[in-house]
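Remember, it's a predicted structure, so these values are computed and weren't measured experimentally. Below, read A as the first sequence line, B as the second, and so on, with proteins coming before strands; counting in each chain starts at 1.
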Number of protein chains: 2
Amino acid sequence: MDEIDELLSIRAAELYYEENKTQDEIGQALRLTRWKVGRLLAQAKQRGFIRIEILHPRARRLPIERRLRDERGLADAIVVSTAGVTSPEELQARTAQAAADYLTALRPVPRTLGVSWGRTLFEISQHLRQGWATGVNVVQINGGVSLNRRPGTAAATAVGIAQKGGGSATLLPSPAILERLETKEAIESDRVVAGVIELARSADAYLFSAGAADHSSVHVESGYLSVPDVDLLVQKGAVGDVVGRYIDSDGNIVDPALDARTVGLTLDELRRAQLAIAVISGPGKLAVADAVVRSRLCTVLVTDEATALHLLDG
Amino acid sequence: MDEIDELLSIRAAELYYEENKTQDEIGQALRLTRWKVGRLLAQAKQRGFIRIEILHPRARRLPIERRLRDERGLADAIVVSTAGVTSPEELQARTAQAAADYLTALRPVPRTLGVSWGRTLFEISQHLRQGWATGVNVVQINGGVSLNRRPGTAAATAVGIAQKGGGSATLLPSPAILERLETKEAIESDRVVAGVIELARSADAYLFSAGAADHSSVHVESGYLSVPDVDLLVQKGAVGDVVGRYIDSDGNIVDPALDARTVGLTLDELRRAQLAIAVISGPGKLAVADAVVRSRLCTVLVTDEATALHLLDG
DNA sequence: GGCGATCGTGCTCAGATGAGCAGCCGGCCG
DNA sequence: CGGCCGGCTGCTCATCTGAGCACGATCGCC
């Protein structure tokens, strides 16, 4: 296309999209036939001169979702639009809302849903509507008797999801990480704990997030790990954690000894799940999101546009 | 429209604009009739959820142009899009290009075109194509024997416009501002200068820009005014200059004594013109652009989207 | 100079879309 | 309880649009 056609296609696009003229009218105005106008508009689109954005907190990016499914082998992907996002909180809220929407629309409805805990999961529980399901039982899949200042967030998450879904929650009464291996093994052999873990293994679906490997981690905030602990993990190649277990960029456990002291579903158990929904968004979680997808820790990913594009192109 | 319809309209918009599905297909997917889908899409548009942008350096904003014509009483308005602009230089280039385009398309072609000088005018002269007109004579409308480091820019502007338009340029051989009133009157009574000004008065069309009243002014750069001079003008209410004459926000001369020492067309002579094309863009020129339009110094305005919106909304 | 390939153009026709309209349902008042 | 009104729905029909095709001009090649 020469320059004159390029200019004409811009003029045509202005009249078509901004002035709502018909292609025929544009043809008269620019002294072209309507077919020529149609071709110019098609070219303008195809050459990327026309950008159409959907500005809405609930807007999704279906083409990116398709690419994630096709190119990264996911069973499903939900990508929220970042158009018009002004704060990290809003991004988080949009992603959580999308995850809640996905859960609500999920068919068949899972009888038992395994959940982790954390900021993201808590927000999802808040975005779920009362009656989002009828009779969904929720089970915690990793330890989390919280030591932090907002005790009970982990429990509130599971209970909230269950209660709004017309079911009940089964909590895993154990710390996330124990200081000694013996204690961890003792706790796991406890009848109640063992029962919960057994229930978690049998869940129809899992819903979890991932944490970045930095000082803002919930594990640091909760006191399970110290700042130097995290630094050490990063040195060993950790990019983040999934259900409390730190992985490197290939999805492998970074520190087997630490992992052995971590209570809950193992990553391999998670990988065997039919339906594992990971909800990961935000610029700090690019690396861990990539690791989760690459190592097939999830079958479904809920994320934001920027993260999704990073997974595809970066 | 309730929330459920709002969400549906977003889903429909995603399928329509991002997936290129027909309204009928969307209807099947969302279990709606195609008419409902059509109405949802119309609502999404009307409520502003759909943003269509034309990304091109030559793109214009026709709806804003119309508003400028209607609400600000301009005979014509050219508004260049700022979408994708990364630098002030690019904005300047786009505006200059638009002005050049406007001149080229102008009918009837002016026999004599009065021009001012400055950065903007020089750039317009560069963006004009060889042969943009056949036989357009150019006359300078204000003094400008340049004292600055790039001597001859003013002359080069007029000559360039004339030469590319197949005509000749008539220069106004006088400084822009003289130190003494007597000198100014003497110069204006010079036969050659008087003849040029007479020719300028008889021009069919005028093309000029406006300067902001700050230290970056061409008058400071050229040595006609000192920094304290400008500060004083600003104190007196100056928002900028048009053809070398400083005006306040109502378009009135700020300093009559200074004005009397300024050589060239007066503002009232400019206001009587049938066709006066002002080219004003950039964030620093909001106030002077408003003054020019408010005081009817121009009949046609070439500007950028941001400036135009400022003129319209405050 | 003749020939075929290629491109751009404007047609036919079918599918997609929007305007206008009648019917239906729920709410409200007499 | 019945009738009226307003809003929503899904229809008909006219218009708009895109795909496919045939024609003619232009260009390069023989």
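Nearest nucleotide to the Arg34(B) side chain, out of dT17(D), dG20(C), dT17(C): dT17(C). Comparing dG20(D), dG18(C), dA16(C) against the side chain of Arg39(A) picks out dG20(D) as the nearest. Closest approach to the Thr33(B) side chain among dG10(D), dC11(C), dT17(C) is made by dG10(D) (side chain taken as heavy atoms from C-beta onward). Closest to the Trp35(B) side chain, of the nucleotides dC11(C), dT17(C), dC11(D), is dC11(D).
Put simply, Gln23(B) has a side-chain N or O that comes within less than 4.0 Å of OP1 or OP2 on dG18(C).
Between Asp101(A) and Arg94(A) no salt bridge is recorded (no basic side-chain N to carboxylate O distance below 4.0 Å). Taking a cutoff of 4.0 Å between a charged side-chain nitrogen and a carboxylate oxygen, Asp313(A) and Arg67(A) qualify as a salt bridge. A salt bridge between Arg72(B) and Asp290(B) is present, with a side-chain N of the basic residue lying under 4.0 Å from a carboxylate O of the acidic one.
The nearest whole Å value for the distance from the OH atom in Tyr16(B) to the P atom in dT17(D) is 10 Å. Rounded to whole Å, the distance from CG on Asp24(B) to C1' on dC16(D) is 16 Å. Regarding Leu40(A), its CG atom lies at a distance of 15 Å from the C1' atom of dT17(D), rounded to whole Å. For the pair Gln43(A) CD and dT9(C) P, the computed distance is 10 Å after rounding to whole Å. When rounded to the nearest whole Å, the span between CG of Leu41(B) and C1' of dA19(C) equals 16 Å. Here dC8(D) presents its C1' atom at 16 Å from CD1 of Ile4(B), a figure rounded to the nearest Å. A straight line from CG of Asn20(A) to P of dT17(C) spans 16 Å, rounded to a whole angstrom. Nucleotide dA16(C) holds its P atom 17 Å from the CD atom of Glu19(B), rounded to whole Å.
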(request) Evaluate the criterion side chain to side chain contact (heavy atoms under 4.5 Å, CB included) for residue pair Glu19(B) and Glu25(B); output intermediate values, then yes/no. (result) CA-CA 11 Å; Glu19(B) 301 285 84; Glu25(B) 286 174 310; over 6 Å; no
